[in-house]
Protein chains: 2
Amino acid sequence: MVRWEPGARERLQAAALERFGARGFDGTTVAEIAAAAGLTERTFFRHFADKREVLFAGQDEFERLFVAGIEEAETTDPVAIIAVALDGAAAFFPDDRRSWSRMRQVVIDADPGLQERELLKLSGLATTMTGALRRRGFDATAAALAAESGVAVFRVGFATWIAEGEDRPLAAILRAVLAELRSLVCAPRT
Amino acid sequence: MVRWEPGARERLQAAALERFGARGFDGTTVAEIAAAAGLTERTFFRHFADKREVLFAGQDEFERLFVAGIEEAETTDPVAIIAVALDGAAAFFPDDRRSWSRMRQVVIDADPGLQERELLKLSGLATTMTGALRRRGFDATAAALAAESGVAVFRVGFATWIAEGEDRPLAAILRAVLAELRSLVCAPRT
DNA sequence: GACCCCGATGTCAGGAACTGTCATCAGTAC
DNA sequence: GTACTGATGACAGTTCCTGACATCGGGGTC
């Protein structure tokens, strides 16, 4: 006989996404989410630092994929290193998660507070990537620029992946966006 | 005979920055700020949408400088357009504001909530720039990439400007960072 | 000059997000 | 069997933020 059902955290996440989708982020109280998961408000805040964070768990692993790509890339060309990192990160979003990612993104795009949190996560990712690049010998400015550019490519590519039908996998889109960045920056058009 | 002292908004901003610097963002209540400005908490929220916003007023003009640069640039090379926009934006931060900017940045860097807000503002800037670039004929992806890259250059350059002594003006730093981005992306290093 | 509206502020009540603290009690270790 | 642990509940309290209504100097209208 268990005293509590296991998986409280997962239940909270599922209940939160469902409610946010139905009534919006602002229209949902933490107490409602907790009740839907059979828990109390206080317990929600033991699992998530604040109301927004319930949508952003598991970002650590995502960061690790980027860093692993940077560390294992067998080249010293920054663009090539970023390409490997993006390839690794794309593995985090297989095609069968596209629909789920879309739902989540709709919720985020509807609320400035959630957008702020997403941006903070991506900024943290850029900082982590900067550190990894510096360990590979880049100076501070170059590392920061490469990291920020990589994140920018990911942002643009991810938005495209979300918006598209079922055409291309994320990895292919990211490669195309990175190529477009290169041609944009390097091929002057008069 | 005036019923209230004028400049309520400015008094609130000054009081807020002073208190945030002294006791931190979290350690300062809105009621304290308002009292220091001779006003009530309710009036604070009539001037600023939330507690953080008091540090981020006047961003509209900043955005306008970027957009004006994009619109008036007499070239179709995206990097050159971004360069003009960055030149315009640098005018917003003359050297005698460096010390003030530094104080403000210390406060922001000490609080994740304020960092979120700053990132949201920069993201809005990127969106605005993307629109201006699209009006100049770039397709959606190219415009977004150029805008994001421009903002990334600004971020890196601004941080350098804040961190440096009194060496170079912001405009010079931004030009150097943009050049470094170009060489980073375009000059493959084996 | 009497009248009236406007706009910035004050006052008050209240909801929702968080936090600190202590109690509860199944499972586990010994 | 006793003590400890760890997830949860209960509850009070602070702060952020909002809605509703009152106040009253200034400026316009007649």
Side-chain angles (χ1 to χ4, degrees), chain A residues 1-57 107-108 110-118 120-121, chain B residues 1-57 107-108 110-118 120-121:
Chain A
M1 172 71 87
V2 287
R3 185 163 177 201
W4 299 284
E5 293 304 315
R9 189 182 181 83
E10 290 70 23
R11 261 158 36 224
L12 287 168
Q13 290 174 331
L17 182 58
E18 190 268 328
R19 297 264 162 161
F20 291 165
R23 307 191 192 177
F25 180 77
D26 269 348
T28 306
T29 68
V30 173
E32 280 171 31
I33 299 168
L39 296 164
T40 64
E41 187 183 358
R42 190 67 185 87
T43 298
F44 178 97
F45 286 110
R46 286 202 181 91
H47 284 280
F48 306 101
D50 59 48
K51 185 182 170 187
R52 303 177 206 164
E53 200 63 20
V54 70
L55 283 180
F56 294 90
V107 171
I108 293 173
D111 186 90
L114 291 172
Q115 292 162 38
E116 285 188 339
R117 181 55 48 85
E118 182 175 44
L120 187 67
K121 296 289 184 183
Chain B
M1 170 75 84
V2 285
R3 185 165 177 197
W4 298 285
E5 293 303 315
R9 190 183 181 83
E10 290 70 24
R11 263 159 35 225
L12 286 167
Q13 289 175 332
L17 182 57
E18 190 267 328
R19 297 265 163 160
F20 291 165
R23 307 190 194 177
F25 180 78
D26 269 347
T28 306
T29 69
V30 174
E32 280 171 31
I33 299 168
L39 297 163
T40 64
E41 187 182 359
R42 190 67 184 89
T43 298
F44 178 97
F45 286 111
R46 286 204 181 90
H47 283 281
F48 305 101
D50 61 48
K51 185 181 170 187
R52 304 176 206 166
E53 201 62 21
V54 69
L55 283 180
F56 294 90
V107 171
I108 292 173
D111 185 89
L114 292 172
Q115 292 162 39
E116 285 188 338
R117 181 55 50 85
E118 183 175 44
L120 188 67
K121 296 288 184 184

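We name chains A, B, ... by the order of the sequence lines, and we start the count at 1 in each one. Note that the structure is a prediction, hence the values are computed from the model and not measured. We use all heavy atoms of the structure for the numbers below, so side chains are in, but hydrogens, waters and symmetry mates are not.
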**Q** Whole-Å distance between C:dA17 P and A:Leu114 CG?
**A**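 About 13 Å, once rounded to whole Å.
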
**Q** Of the nucleotides D:dG25, D:dT8, D:dC16, which has the atom closest to the B:Val30 side chain?
**A**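 For the B:Val30 side chain, the nearest candidate turns out to be D:dC16.
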
**Q** What's the closest nucleotide to the side chain of B:Glu41 if the choices are D:dC17, D:dG6, D:dT18?
**A**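 Among the listed nucleotides, the one closest to the side chain of B:Glu41 is D:dC17.
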
**Q** Between C1' on D:dC17 and CZ on A:Phe25, what's the gap in Å once rounded to a whole number?
**A** 14 Å

**Q** May I have the distance from A:Arg52 (atom CZ) to C:dA16 (atom P), rounded to whole angstrom?
**A** 17 Å

**Q** Can you tell which of C:dA8, C:dC12, D:dT15 lies closest to the side chain of B:Arg42?
**A** C:dC12

**Q** Reckon B:His47 has a side-chain N or O less than 4.0 Å from the OP1 or OP2 of C:dT9?
**A**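 B:His47 to C:dT9 OP1/OP2: side-chain N or O found under 4.0 Å.
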
**Q** When the distance from CZ of A:Phe20 to P of C:dA16 is rounded to whole Å, what number comes out?
**A** 14 Å

**Q** What's the closest nucleotide to the B:Leu39 side chain, out of D:dT8, D:dC24, C:dG10?
**A** C:dG10

**Q** Taking atom P of C:dT19 as reference, at what distance in whole Å does atom CZ of A:Phe48 sit?
**A**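 To the nearest whole Å, that distance equals 15 Å.
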
**Q** Mark yes or no for a side-chain to base donor-acceptor pair under 3.5 Å between A:Arg46 and D:dG6, with no hydrogen or angle criteria applied.
**A** no

**Q** What is the distance, to the nearest angstrom, from the CZ atom on B:Phe44 to the P atom on C:dA8?
**A**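 Between P of C:dA8 and CZ of B:Phe44: 17 Å.
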
**Q** Of the nucleotides C:dA17, C:dT21, D:dA20, which one has an atom closest to the side chain of A:Phe45?
**A** C:dA17

**Q** Using a strict cut-off of less than 4.0 Å between a Lys/Arg side-chain nitrogen and an Asp/Glu carboxylate oxygen, indicate whether B:Glu53 and B:Lys121 qualify as a salt bridge.
**A** yes

**Q** Given that B:Trp4 and B:Thr28 both sit by DNA chain D, which one's nearest nucleotide is further toward the 5' end?
**A**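 Result of the comparison: B:Thr28.
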
**Q** With nearest nucleotide decided by heavy atoms, which residue, A:Lys51 or B:Thr40, maps closer to the 5′ end of DNA chain C?
**A**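 The residue whose closest nucleotide sits nearer the 5' end is B:Thr40.
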
**Q** Does the pair A:Asp111/A:Arg52 count as a salt bridge with the N-to-O cut at 4.0 Å?
**A**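 The answer is no: the pair does not qualify as a salt bridge.
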
**Q** Rounded to the Å, how far apart are A:Asp111 CG and C:dA16 P?
**A**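 Taking atom P of C:dA16 as the reference, CG of A:Asp111 is at 16 Å.
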
**Q** Side-chain N or O of A:Thr43 less than 4.0 angstrom from OP1 or OP2 on D:dT8?
**A** no

**Q** Going through the checks in order, is the side-chain contact (heavy atoms from CB on, under 4.5 Å) test met by B:Trp4 and B:Leu39?
**A** CA-CA 10 Å; B:Trp4 298 285; B:Leu39 297 163; 5.7 Å; no

**Q** Any side-chain heavy atom of B:Phe20 within less than 4.5 Å of one from B:Val54?
**A** yes

**Q** Between CD of B:Glu118 and CG of B:Leu55, what distance do you get to the nearest 0.5 Å?
**A**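 So the gap between those two atoms works out to 10.0 Å.
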
**Q** Rounded to whole angstroms, how far apart are CG on B:Asp26 and C1' on D:dC16?
**A**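 Taking CG of B:Asp26 and C1' of D:dC16, I get 12 Å after rounding.
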
